[in-house]
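Working notes for the structure below.
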There are 2 protein chains.
Amino acid sequence: MKDVAALARVSPKTVSNVVTGSAQVSEPTRQRVEDAMRQLDFVPNLSARTLRNGRTGIIGVALPDLATAFSATLAHEVVDVAHLRGLAVQIEETAAEPEREYELVSRARTHLIDGLILNPVRLEDSVIEQVDHLPPVVLIGEVEQHLTDRVFVESRTAAREITTHVIERGARRVAALGGAVHGLGGKATSGLRLQGYLEALHAAGLDPDPQLQVQLPEWTIAGAAAGMEELLDRRVHFDAVVAFTDTIAFGALHVLRRSGVRVPEDVLLTGFDDVEHAAFTNPPLTTIAFDHRDYAVAALDLLAARLDDRRRETTAQTVDHCLIVRESTGHPGAVPRGHRPD
Amino acid sequence: MKDVAALARVSPKTVSNVVTGSAQVSEPTRQRVEDAMRQLDFVPNLSARTLRNGRTGIIGVALPDLATAFSATLAHEVVDVAHLRGLAVQIEETAAEPEREYELVSRARTHLIDGLILNPVRLEDSVIEQVDHLPPVVLIGEVEQHLTDRVFVESRTAAREITTHVIERGARRVAALGGAVHGLGGKATSGLRLQGYLEALHAAGLDPDPQLQVQLPEWTIAGAAAGMEELLDRRVHFDAVVAFTDTIAFGALHVLRRSGVRVPEDVLLTGFDDVEHAAFTNPPLTTIAFDHRDYAVAALDLLAARLDDRRRETTAQTVDHCLIVRESTGHPGAVPRGHRPD
DNA sequence: GTGAAAGCGCTAACAC
DNA sequence: GTGTTAGCGCTTTCAC
């Protein structure tokens, strides 16, 4: 930069002004500076700028597992929206190591990021509470605490709606696939979806049956397939499967069909998230949809606001959802025959 | 850091030595320093370190579209492997704007990254050649140039193998779904897969039919579904579909089944990449598999080597692939009936 | 094994 | 509108 300044016969500050556009520069001077920059193939050093302003222009996005459709979709949207705002995105994955979530929150400053969008799986409230000087964090999902900003869809309500839908379509023995396995109680997403499912059963006067609830250690297709096989092995009667994510539904659908169970004739099936593939399975999947881009925009808005003012009140923002009915839950009046062992 | 030094009554350099472990520090001194760090809740400032060493510890990964299964899988593996090596990953997406690939290569220095792993879609050789001082780049895919390191699977060979497989299973009218639409000729991945497909037809004495080749503007499920519908609209006879990625096959499978075409009884179907979902479609998808983690490891190895020595010879590394036969291509001897209009 | 001094490249604050 | 000064927090000499 000094070289550029020397060549253009101005001060380094003027070069800086030209580069950042932060101050007025007269046209002839700007020309000289720009020529000099081109001549010397000058590229501003972001590390130095970062050291000076304390901002990197990078935000972290921590997701459980990029290979899972919903995480990938969310990452895609966040990267896209962030790019439009001149921010870069650093991706972190948390599924492999539970302690990684804590590490990210407590030591965000060591990573070269200004703030963090975190989709927690196992993070407990207490962890957030323990952290003294919280970095700017936006939580994705309904962790019930008020120390950070949050964005979420109303999982409990949505789960109730979709469960009610299959009941209205004639299901009486509704299985739930995807309950939490980590003892997070009612706090995490999976717990809320389970609550919504139970509420719907209750409202319809149906008794919940623990035999119809399958917990999954992993929310992947393979994990869901294993869970579905476990349900079949239990040899219980069921006529609908409410999966807690689309990815789980994909695994369930595969196992059901391979086992000769027809969807939706025998068993109704639903997902959650409305990832692209959900509309393209056979049959297409009834699911809970919400605007993934809105999700990304809301998260980035909150984070940007927090970066500008660390002291403002934390807020929670919901993203609207709606039920998308596709063929996996059949037609009105077409009651599923149900799957009975033997 | 100065504060820590003062509190521990040592010099900043000694604190630095303790933090980085770059020099021997006597045990009592180290203790004092570590106590002081804890007491002051000291976190080293990576920006400053970066400014000093010229390395950020962040690598960029540029992929066409994270929402596509293969990109997501690759990103997942790269993030995981990079994390094990103490590197962070910054994600860039290139599909939306073609010029973004060029921008990334030519201006990598402006982003806070040490190097770039780039999966090019539209990048032409000439772009690479124009760039004067190439940042450390590892290209994913068979771009035929020698200015950067490269990692790839042998697309042409693999496409020939899988096309030959469907021919051996009795197909005679093999459609290809996914040809390039951007006039990249034989250079890009899609061109090579098309070549392999044509070679297999030729070797089997089958005439290529342009009517059986469908180009896709986008390699997404929805794009593939549209392409498959176009093929059906052409009202040509075909008895197999070779899709150039699994994601394309997913879209094709959906349209085929919805149109009453059975897979594999009427039409055989194949994919490419062996993403997780490929084993869980109905029927499961015959595809070309390769170790996604090997891919990530190879790319990171090459990038790390390049970062250590900018002047070494560029190298190309292939990742082994193999044909995974699943039910979407039926059984030996079970000749597909074919799809005939009307 | 430890300390002192210099400087990485940039920009905020202030002078002119 | 432009120049000067100082310093962000660390690490690399080189001396001790």
Side-chain angles (χ1 to χ4, degrees), chain A residues 1-37 39-58 86 88 107-114 133 135 307-308, chain B residues 1-37 39-58 86 107-114 133 135 307:
Chain A
M1 193 152 180
K2 251 189 287 188
D3 298 346
V4 174
L7 183 59
R9 275 168 299 146
V10 295
S11 78
K13 174 58 183 162
T14 305
V15 179
S16 170
N17 286 341
V18 171
V19 173
T20 61
S22 53
Q24 293 286 27
V25 179
S26 74
E27 202 44 41
T29 319
R30 138 168 292 119
Q31 275 303 337
R32 279 217 316 286
V33 171
E34 284 177 348
D35 285 349
M37 291 201 299
Q39 213 168 317
L40 297 178
D41 192 25
F42 170 76
V43 178
N45 179 321
L46 277 213
S47 305
R49 184 181 292 174
T50 287
L51 177 58
R52 192 63 247 221
N53 325 337
R55 285 239 196 151
T56 60
I58 306 177
R107 300 173 56 81
R109 279 174 295 169
T110 64
H111 299 269
L112 245 11
I113 60 174
D114 296 335
H133 309 296
L307 290 173
D308 286 344
Chain B
M1 194 153 179
K2 250 189 286 186
D3 297 346
V4 174
L7 183 58
R9 275 167 299 146
V10 296
S11 79
K13 172 57 182 162
T14 305
V15 179
S16 169
N17 286 340
V18 171
V19 172
T20 61
S22 52
Q24 294 287 27
V25 179
S26 73
E27 200 44 41
T29 317
R30 139 169 291 119
Q31 274 305 335
R32 279 216 315 286
V33 171
E34 285 178 348
D35 286 348
M37 291 203 298
Q39 212 170 318
L40 297 177
D41 192 25
F42 170 75
V43 178
N45 179 321
L46 278 211
S47 305
R49 174 129 86 206
T50 287
L51 177 57
R52 197 58 249 225
N53 320 340
R55 283 235 197 155
T56 60
I58 305 177
R107 298 174 56 81
R109 280 174 293 169
T110 66
H111 298 270
L112 243 14
I113 60 175
D114 296 335
H133 309 296
L307 290 173

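In what follows, every heavy atom counts, from backbone to side chain, and hydrogens, waters and symmetry copies are set aside. To find a chain, count down the sequence lines: A is the first, B the second, and so on, and within it residues start at 1.
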Outermost DNA chain D nucleotides near chain B [under 4.0 Å, heavy atoms]: dG9(D) to dT12(D)
Across all chains, not counting sequence neighbours, the salt bridge (charged side-chain N to carboxylate O under 4.0 Å, His left out) partners of Asp35(B) are Arg38(B)
Taking protein heavy atoms under 4.0 Å as touching, what does nucleotides 11-16 of chain C look like 5' to 3' if B marks base contact, S marks sugar-phosphate-only contact and - marks none? BBB---
For Thr50(B), check side chain to side chain donor-acceptor pair (under 3.5 Å) against everything at least two apart and list the hits. none
Where each residue is assigned the nucleotide of DNA chain C containing its nearest heavy atom, which of Thr29(B) and Leu51(B) is assigned the position nearer the 5′ end? Thr29(B)
For Val19(A) and Pro44(A), which heavy atoms make the closest approach, and how far apart are they? CG1-CG, 4.2 Å
Results of salt bridge (charged side-chain N to carboxylate O under 4.0 Å, His left out) for Arg30(A) - residues two or more places apart only: Glu34(A)
The helix from dG1(C)-dC16(D) to dC16(C)-dG1(D): angle between its terminal axes, five pairs each, to 10°? 30°
Going by the rule salt bridge (charged side-chain N to carboxylate O under 4.0 Å, His left out), which residues pair with Arg9(B) if we only count those two or more places apart in sequence or in a different chain? none
Sequence neighbours left out, what pairs pass salt bridge (charged side-chain N to carboxylate O under 4.0 Å, His left out) with at least one residue falling in residues 46-56 of chain A? Arg55(A)-Asp308(A)
Measure across Gly57(A) and Asp114(A) and return the closest heavy-atom pair with its distance rounded to 0.1 Å. N-OD2, 2.8 Å
Here the gap from Leu7(B) atom CG to Arg32(B) atom CZ, rounded to the nearest 0.5 Å, amounts to 10.0 Å
List, one per line, each side-chain donor-acceptor pair under 3.5 Å for residues 10-18 of chain B, sequence neighbours excluded.
from, atom 1, to, atom 2, distance (Å)
Ser11(B), OG, Lys13(B), N, 3.3
Ser11(B), OG, Thr14(B), N, 3.4
Ser11(B), OG, Thr14(B), OG1, 3.4
Lys13(B), NZ, Asn17(B), OD1, 2.9

For Leu40(A) and dG9(C), what is the distance between atoms CG and P respectively, to the nearest whole Å? 14 Å
If you take all heavy atoms of Leu46(B) and Leu112(A), which pair is closest and at what distance? CB-CD1, 3.4 Å
Separation of dG3(C) P from Lys2(B) NZ (nearest whole Å): 16 Å
